[in-house]
Amino acid sequence: MKTAVVTFPASNCDRDMFDALEKITGTKPYAIWHQDTEMPDVDLIALPGGFSFGDYLRCGAMAARSPAMELVMAHANRGGNVIGICNGFQVLTEMGLLPGVLMRNRSLKFVCKNVNLKVENNTSTFTNAYQRNQNIEIPVAHHDGNYFAAPNVLKKLESNKQVAFRYVDDNNEPTEGANPNGSQNNIAGITNKAGNILGMMPHPERFIEEVQGGTDGRGFFESIINSLK
Amino acid sequence: MTNSNWNNKVTITKEMVKEHGLSDGEHKLMIKILGRAPTLTELGIFSVMWSEHCSYKSSKLHLKTLPTKAPWVIHGPGENAGVIDIGDNQAAIFKMESHNHPSYIEPYQGAATGVGGILRDVFTMGARPIANMNALRFGSPKHHKTRHLLSGVVEGIGGYGNCVGVPTVGGETNFHPSYNGNILVNAMTVGLADQDKIFLSAAAGVGNPVIYVGSKTGRDGIHGATMASAEFTEDSEEKRPTVQVGDPFTEKLLIEACLELMSTDMVVAIQDMGAAGLTSSSVEMASGGGVGFALNLDMVPQREQGMTPYEMMLSESQERMLVVLKPDRIEEAKAIFVKWDLDFAVIGEITAKGNLTLSFKGEIVADIPTQPLADNSPEYDRPWVKTEPPETIDLKNITVPDNLGETMLTMLGSAALSSRAWIWQQYDNQVMADTIQMPGGDAAVVRVHNTEKALAISTDCTPRYCFADPVEGAKQAVAETWRNITAVGATPMAITDCLNFGNPERPDIMGQFVGAIQGIKEACTVLNYPVISGNVSLYNETNGIGIHPTPAIGGVGLLKDSSKMVNIAPKREGDVIILIGQSKGHISCSQYLSIIEESEEGPPPPVNLNLEKKNGNFVRRHILAGNITACHDISDGGLFIALAEMAMASKKGIDVVLNEGDIPLFAYGFGEDQARYIISTSSSLADIILDAAVKSRVKAEKIGIVRGDSLDIKDCFTLKVTDLLDAHMSWMPNYMSIEA
Amino acid sequence: MKARVHITLKNGVLDPQGKAIQHALGALGFSGVEDVRQGKYIELDLLESDPTAIRENVEEMCKKLLSNMVIENYTIDIE
Amino acid sequence: MKARVHITLKNGVLDPQGKAIQHALGALGFSGVEDVRQGKYIELDLLESDPTAIRENVEEMCKKLLSNMVIENYTIDIE
Ligand SMILES: Nc1ncnc2c1ncn2[C@@H]1O[C@H](COP(=O)(O)OP(=O)(O)O)[C@@H](O)[C@H]1O
Ligand SMILES: [Mg+2]
């Protein structure tokens, strides 16, 4: 599987994403700089976490307008796979590739901890290696992960089964207490309608080796590999 | 004082010298070095270079006595940060620094720029920062400013560290009324470099260009006191805040750009602009290399209109570096900084004459021989008196608590001992994906990327102990980092220190300082655990009352095989709990006394360094042999608190039967005797460990079994682990949810 | 010349910052605070001196970068 | 009644956000942007209807919570 990771000024999970992709796919990803004007032919483009452009103005706003994003847009429009993790998710919403926005956390504080997620469906490109309704543990680390969309948009997301992951408690229930940031419907990650673009706040790339505290992030990458077979 | 009415040649009066914080003797020395009266710019330069902060004039004499050498020390104190050999041509580079006063004035920015500053000290040496730590001391929780300061400081540390993408992996947090008017914010950074790619600050090569990179210079942080002179400020500008604002985005770019620059062979010397900005960086680079610098201040990138040379030299604008390049490499270097959108300006060159020569609008505004400026900086042997350690308190004079279970919950849920999760959850602990032990345990552990190795890091100091007895207290601080590092299975290598004290001109405070140095020296010598970097912060006081002496110690250890690491959480039902070390019920000066009796009487627990070494080496040997499944050192709050922390970490119960002899139970359980650990091991290995302990003459006794869902201490109390957690986890969120 | 841009959240869009401020004001004893909304205020110094040209230009900046049209409104004042 | 509060950085205080926006505008091809400063804009809906009382009250809010007096200035407009 051929992949590319886009780095923006002050991306800081780009290396983590790079390593995770290399470890799991066995192939080194291409490194794309935000000002690049050429994109190799790849199966997956990853927009990593971090604080692109300091998260100044709005998270992901300046990154979304980088030259390389036109290439990402073209790739996505051709049906190519794109993932945005954390800051990458914010970039995808700023680009309009995914609906809604990520607002400041309800607590107004940065939150770094391991959360439980429910895998809402296991038929998507990004979730097929998990069981349906599987409860997985993945870290979050963000200041602006509070997912918001207009009521009609939210409704469509739900009815189209575009919600990929939800914050849940130990009993797999999307409770208030399990929600680390105030997201509507406890949304942690969504896909576009066509299912080739995914954005999520949690960091699967941080949970791929036992020593990191867990390996539940692997399934995410393995799903993508499966779907390309 | 904009440069239209700027007069560098104004006659320097005695008052001006005084306002710049220089004594008569220092004034005379300055004139002697220059061979004439100083210009205004020169006065500014001397005043910052000879400030306590830059010159270490009160502390130098004593700091010289610290042990700084070991075969694995590559660079000790004197460089931007200390460097140790961690094998395979790799080096760990680290340092701790204070940002106390700025954090009290503006907690968010003060703490944020503190993190920024210590990161620069480390990456300026060629290291990629891989971990941040923070050691924080606030006033009493009851003090009206404490919430505001705590929330601002934590947000500032997170705001900066999270953005630059360096995990903040641990620290410590204390509350005490002595910090009511003077909090302490000490930040530590650990970085990683190849040994053949370490960069120093000593400049060389006459004619080599001097380059300024990073952010533009503004009037940030120019000290109010040194500026406020009616004689030379005619216009009534809005009084400018002296607070520096951090820009972590720029810092991140600066880290990447500098590391990219340093991966080439273009750099002769490099130095961050820390306190006293352009002044200290250029003087240190020039004097360190025995050369001179000729700088054209017109070339300095400026953020504001009409900056004077005085302001440019004293500005503490953040995110700036000074670099000496090899000749003919300017364009190549510039391309890197252009790519990262950072300012890049050639501002001067190296000269043979050993002076710092500054020109501005065609005029020489300062011309100072750097060697005497740096080397002849004043050094004082300040008078001091020894702190007499208090008498041990008689156990008979302490009320015996009638319900130890309640006492236990009170302690676990106190400001002093409650969980700091509210703090560390605001820090990204995992970015870089190498954090293998998060906050909440004894030492943080961070893998050396793409290797089996890992570094263990801990910061410690118990100011209560240091106030009662600076020598024993400082020893204890060193020993506690050593123990915390040992408890995860790592071998302690070296320390950095951040020595926070009151006014050194007061003999009692100077006595605390001297005592603490003595303690650090003894501990480091016996433990073979040298001091490789550090920082001194004096004059921490309000209304003439000093803070508790706080020699914060940051220790770093090496774990060659990170798969051998253990944490504090027992793993399996049925595992055996063993207590290592001698428990004597030392309740004087303990957390128990402070929380329950609101007293800090008595001496701190004595530290037997040889015993520390023997017990610690024993524990580490068995961790590395795979015989131990969990380990926790015993510190604040004693045995009971340590057991509770282990139970909470694993969410498993522990059944304990104690053998307290004739020591009252509460003293046995909450006493803070040193050199102790609790380990857990599988039942099949327990006897092997106990036998080995006998052979090694280490005191070890089986005290319990992992079982059920309660911490059950026979004849004492039975408490559900969920109740322990409730008490432990709720204090800080509750406290912080109340608006100031 | 100077342009001043106000960026505010559209009606119906959740405003966590505004909510938190309202809550904090209440806790500090300020009563009668019915609603709080937080927005951004951006001051631009521009070389251009023709107000119509500036307006057009700043309008463009708002659309392209300064505001997120999905959730935000903007207003522009020219000095 | 409504009170509108503008919170801006004091003169000479570094504004990393403003700087980054200025830079981004340049990258997007907007020329002639000499300086950008970003501040906060807060709208308060208040039960109180006496403008003098409101001003006093909001002044107090600014000092206690809304602005950071060490580095920020505030201005208050009452509807
Ligand atoms: N300010 C802080 N930032 C991050 N972690 C902290 C902070 N304060 C305390 N901690 C973490 O909380 C845990 C308990 O701290 P402490 O009681 O000082 O540990 P110990 O007694 O083992 O030295 C440690 O893991 C420490 O790293
Ligand atoms: Mg410990």
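A, B, ... follow the sequence lines: proteins, then strands. Residue 1 opens every chain.
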Q: Decide yes or no for C:His6 and D:His6: does some side-chain heavy atom of the first lie under 4.5 Å from some side-chain heavy atom of the second?
A: yes
Q. Are any of the side-chain heavy atoms of D:Val33 and C:Leu46 separated by less than 4.5 Å?
A.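 Touching, per the 4.5 Å side-chain cut-off.
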(Q) Using a 4.5 angstrom heavy-atom cutoff, name the option from C:Leu65, C:Ile7, C:Thr8, C:Val5 with the most pairs to chain D. (A) C:Leu65
Q: Heavy-atom pairs under 4.5 Å with chain D are the metric here; pick the option from C:Asp45, C:Asn57, C:Leu47, C:Ile21 that has the most.
A: C:Asp45
Q. Nearest heavy-atom pair of D:Val36 and C:Leu44: which atoms, and what distance?
A. CG2-CD2, 3.5 Å
For each of [options], tally heavy-atom pairs with chain C at distances under 4.5 Å, and name the one with the top tally.
options	result
D:Glu34, D:Glu60, D:Lys64	D:Glu34
D:Ser31, D:Gly39, D:Ala3	D:Gly39
D:Gln38, D:Met61, D:Glu48	D:Met61

Q.
Rounded at 0.5 Å granularity, tell me how far CG in D:Asp35 sits from NZ in C:Lys2.
A.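 Rounded to the nearest 0.5 Å, the CG-NZ separation comes to 7.5 Å.
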